Amino acid sequence: MKQILINLIGNAIKFTSKGEIFVKISVDEHIKNDYKIRFDIRDTGIGIPKDKLSQLFQAFSQVDSSTSRKYGGTGLGLAICTRLVELMNGGISVKAQKEKVRFQLYHQDRSREKQFGKH
């Protein structure tokens, strides 16, 4: 989870030269030992064109080749985040509106179930 948040917040910092970066962490559900935690990361950076959203989580994919020249990066960060989230029984999505980009990430903690077995 730490690596995922470092990647998402790092991207928000990298692509936001002015404006704001907003991080919100909340518990969406709590049933016995099962927690659904939601992470919202929103920024007012350079934005992402809607027609590029579908390729955003693909390996070696960048929104624009000039972006990689200006900001650096390999296009692997979000692909790695997606795979890690899936391995942890979670999900990741992105929404773009004008200059605002919002990543939503959730994680369901079932570690006690794995540790002690289902009851």
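The figures that follow rest on heavy atoms only: side chains count, while hydrogens, waters and symmetry mates do not. Just so it is clear, the structure is predicted and the values come from calculations on it, not from any experiment.
The shortest non-hydrogen separation linking A12 to I41 is CB-CG2, 4.2 Å. For the pair G77 and N7, the tightest heavy-atom approach, listed with the atom from each and the gap, is O-ND2, 3.5 Å. Counting all heavy atoms, side chain and backbone alike, M88 lies closest to I4 at CE-CD1, 3.4 Å.
Transitive grouping of hydrophobic side chains (ILVMFWY, heavy atoms separated by less than 4.5 Å) keeps I6 and I13 in distinct clusters.
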**Message:** Could you go through K95 and R42, starting from their C-alpha distance and side-chain angles, then the distance that decides it, and tell me whether this counts as side chain to side chain contact (heavy atoms under 4.5 Å, CB included)?
**Reply:** CA-CA 9 Å; K95 293 180 184 177; R42 185 178 69 231; over 6 Å; no
**Request:** Give the C-alpha distance, both sets of side-chain angles, the deciding distance and a yes or no for side chain to side chain contact (heavy atoms under 4.5 Å, CB included) between I37 and M1.
**Result:** CA-CA 11 Å; I37 302 169; M1 190 57 73; over 6 Å; no
**Request:** Tell me, with the steps shown, if V23 and L5 meet side chain to side chain contact (heavy atoms under 4.5 Å, CB included).
**Result:** CA-CA 10 Å; V23 179; L5 292 173; 5.7 Å; no
**Message:** Assess the residue pair L78 and L8 against the criterion (side chain to side chain contact (heavy atoms under 4.5 Å, CB included)); give the C-alpha distance rounded to whole Å, side-chain angles, the decisive distance to 0.1 Å, and a yes or no.
**Reply:** CA-CA 8 Å; L78 293 177; L8 293 176; 3.5 Å; yes
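With rounding to the nearest 0.5 angstrom, the SG atom of C81 is 11.5 Å from the CD atom of E86. Put simply, CG on L84 and NZ on K2 are 13.5 Å apart, with the number rounded to the nearest 0.5 Å. To the nearest 0.5 angstrom, F22 atom CZ is 14.0 Å from T16 atom OG1. We find the CZ-CD1 distance between F15 and I21 to be 11.5 Å, quoted to the nearest 0.5 Å.
Every residue two or more places apart in sequence or in another chain that forms a side-chain hydrogen bond (donor to acceptor under 3.5 Å, both in side chains) with R38 is listed here: D28.
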